[in-house]
Amino acid sequence: MWIDALLPLLGSWRDRVVLVTGASSGIGRETALLYGRLGARLALVARREALLESVAAEVREAGGDALVAPADVGDATAARAAVARVCDTWGRIDLLVNNAGLLRPASVDRIEAADLDAMLRVNLYGALFMTQATLPILLQHPGGSIINVASLAGRRGLTPLGGYCATKFALIGLSEALRTELDAETLHVGIVLPGVVDTPMVQGVDQAGEIPEWPVELNMPPEWVAAAIALAARFRLREISVPPGAALLEELAALTPGVSDLLIGWMRSAGRWLARARETRAGPPSD
């Protein structure tokens with residue numbers, strides 16, 4: 001497997017502690033498994049305890065250690081309690097991966113305040129609360145990192161993701177501000193910008209038919225993002241997009257927003273054409 005070739009590049013994480021939010025599935029699960037193979041101690045944070053226990057078993061089988069710390073990261077008290085539990089168990093944290101995310105698509109004219117509040121609570125406040133709770137511990141051990149999993153949708157607005165884009169734009173701004181506040185030689189802050197990833201969050205949207213323009217066949221595997229997270233932490237990268245080169249769209253948007261709009265419109269049209277072609281191939285439903 002291609003990721004095997006990456007492991008020597010990442011080095012050993014034996015006895016080092018990695019805290020991953022949103023660790024019960026998708027990108028968080030794959031990140032935990034990757035660091036488990038590197039020998040790390042994984043602190044797994046999410047709301048679904050049963051799924052976390054399953055991931056913890058996989059981490060141990062991969063060669064790491066695991067601690068399950070169920071918490072709603074959008075609750076500041078719960079976030080502090082989860083971090084305290086990790087410190088009580090292992091006494092340190094070397095890497096915080098703020099990965100927990102929530103997506104509720106809607107066009108801008110139909111965004112519900114409750115949905116936007118929910119996305120802000122997880123995508124922005126969750127990262128903020130976990131960062132605030134973890135910073136004092138990270139600063140005790142030089143060489144630590146915070147990796148915030150944002151999105152290419154945090155650099156370029158897309159429909160019907162206006163609310164989600166707003167939360168990811170905010171997360172990127174928060175990350176960049178934090179980086180300027182800290183000594184880069186002591187604590188590294190990195191941003192990972194994935195495109196559309198094949199995760200339960202996106203699968204649920206696809207199944208509901210709320211983003212029909214994007215063909216699910218083009219969703220990238222979450223392992224790609226896990227690898228980008230590990231590379232960002234290992235080489236102290238400030239920003240990395242997945243897949244490589246995907247950030248060209250943001251650069252194009254900054255220089256020529258009109259051209260970027262036309263390109264995105266073409267991509268949506270192509271996606272609709274592919275979706276229709278897929279339905280035609282599948283034929284009518286059988287009785």
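The structure displayed is predicted, hence computed values, not measured ones.
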Notebook entry, point to check: Any sub-3.5 Å donor-acceptor pair from S12's side-chain atoms to R14's backbone N or O?
Noted result: yes
Check: Closest heavy-atom contact between L33 and V55?
Finding: CD2-O, 4.4 Å
Next item on the list: Not counting sequence neighbours, which residues clear side chain to side chain donor-acceptor pair (under 3.5 Å) with S24? List them please.
Entry: R48
Margin query: For the CG atom of L161 and the OG atom of S107, what is their distance to the nearest 0.5 Å?
Written below: 11.0 Å
Item checked: Residue pair V225 / T31, side-chain heavy-atom distance below 4.5 Å -> no
Margin query: Checking L231 against L9 for the side chain to side chain contact (heavy atoms under 4.5 Å, CB included) test, could you report, in this order, the C-alpha distance in whole Å, the side-chain angles of both residues, the deciding distance, and whether it holds?
Written below: CA-CA 9 Å; L231 288 169; L9 195 63; 4.0 Å; yes
Item checked: Side-chain donor-acceptor contact under 3.5 Å, N99 with T21 -> no
Next item on the list: Could you walk me through whether R16 and L95 pass the side chain to side chain contact (heavy atoms under 4.5 Å, CB included) test, one step at a time?
Entry: CA-CA 8 Å; R16 298 171 72 185; L95 169 61; over 6 Å; no
Notebook entry, point to check: Do Y164 and S151 have side-chain heavy atoms sitting under 4.5 Å apart?
Noted result: yes
Note to self: Going by salt bridge (Lys or Arg N to Asp or Glu O under 4.0 Å), name the residues that satisfy it together with D72, two or more places apart in sequence or in a different chain.
What the structure shows: none
Next item on the list: Report yes if some heavy atom in the side chain of D117 is under 4.5 Å from a heavy atom in the side chain of M119; otherwise report no.
Entry: no
Notebook entry, point to check: Taking all non-hydrogen atoms of both residues, which atom of R234 and which atom of L10 are closest, and how far apart?
Noted result: CD-O, 3.5 Å
Notebook entry, point to check: Do you know which two heavy atoms are closest between S175 and V189, and how far apart they sit?
Noted result: O-CG1, 3.8 Å
Check: Say you draw a straight line from CG of D94 to OH of Y35; how long is it, rounded to the nearest 0.5 Å?
Finding: 10.5 Å
Notebook entry, point to check: Would a hydrophobic clustering, with Ile, Leu, Val, Met, Phe, Trp and Tyr connected at side-chain separations under 4.5 Å, put L182 with V83?
Noted result: yes
Check: Can you check side chain to side chain contact (heavy atoms under 4.5 Å, CB included) on I147 and V192, steps first, answer last?
Finding: CA-CA 7 Å; I147 303 295; V192 174; 3.6 Å; yes
Notebook entry, point to check: With no hydrogens and no angle check, is any side-chain donor or acceptor of H188 less than 3.5 Å from a backbone partner on G144?
Noted result: no
Check: Are any of the side-chain heavy atoms of N148 and V97 separated by less than 4.5 Å?
Finding: no
Which atom pairs, one a donor and one an acceptor, fall under 3.5 Å between side chains of residues 56-71 and the rest of the protein, sequence neighbours left out?
| from | atom 1 | to | atom 2 | distance (Å) |
| --- | --- | --- | --- | --- |
| E58 | OE1 | R29 | NE | 3.1 |
| E58 | OE2 | R29 | NH2 | 2.6 |
| R60 | NH2 | A66 | O | 3.0 |

Notebook entry, point to check: Residues two or more places apart in sequence or in another chain: which of them pass salt bridge (Lys or Arg N to Asp or Glu O under 4.0 Å) with D15?
Noted result: R41
Check: Is L7 close to L34 at the side-chain level, that is, under 4.5 Å between some pair of heavy atoms?
Finding: yes
Check: What about F169 and I191, same hydrophobic cluster or not, with Ile/Leu/Val/Met/Phe/Trp/Tyr joined at side-chain heavy-atom distances under 4.5 Å?
Finding: no
Checklist line | Shortest non-hydrogen contact between A133 and A79, atoms and distance | finding: CB-O, 4.3 Å
Checklist line | Check: K168 and L193 side chains under 4.5 Å, non-hydrogen atoms | finding: no
Check: Are any non-hydrogen side-chain atoms of V242 and M220 less than 4.5 angstrom apart?
Finding: yes
Margin query: Are L116 and L128 linked, directly or through intermediate hydrophobic residues, by side-chain heavy-atom contacts shorter than 4.5 Å (ILVMFWY only)?
Written below: yes
Next item on the list: For residues 120-130, pull every pair meeting side-chain hydrogen bond (donor to acceptor under 3.5 Å, both in side chains), keeping only residues two or more places apart or in separate chains.
Entry: N123-T167
Notebook entry, point to check: Atom CD1 in I93, atom OG in S145: separation rounded to 0.5 Å?
Noted result: 13.0 Å
Margin query: Would you say that more than 12 heavy atoms from the other residues, nucleotides or ligands in this model lie under 6.0 Å from the CZ of R47, or not?
Written below: no
Checklist line | Cluster check V149, L237: I/L/V/M/F/W/Y, side chain < 4.5 angstrom | finding: yes
Notebook entry, point to check: If you take all heavy atoms of A227 and L6, which pair is closest and at what distance?
Noted result: CB-CD2, 3.6 Å
Note to self: Are the side chains of I146 and M130 in contact, using a 4.5 Å heavy-atom criterion?
What the structure shows: no
Check: Do R155 and E176 meet the salt-bridge criterion of a basic N to acidic O distance under 4.0 Å?
Finding: yes
Check: Between the side chains of N98 and T131, is a donor N or O closer than 3.5 angstrom to an acceptor N or O?
Finding: yes
Next item on the list: With sequence neighbours left out, write down each residue that passes salt bridge (Lys or Arg N to Asp or Glu O under 4.0 Å) with R80, or none if nothing qualifies.
Entry: none
Notebook entry, point to check: In terms of hydrophobic clustering (I, L, V, M, F, W, Y; side-chain heavy atoms under 4.5 Å; direct or indirect links), are L178 and L96 co-clustered?
Noted result: yes
Next item on the list: Please confirm whether the backbone N or O of E112 pairs with a side-chain atom of R104, one donor and one acceptor, at under 3.5 Å?
Entry: no
Next item on the list: With side chain to side chain contact (heavy atoms under 4.5 Å, CB included) as the test, would you mind laying out the steps for V45 and V86 before giving the verdict?
Entry: CA-CA 10 Å; V45 178; V86 176; 5.6 Å; no
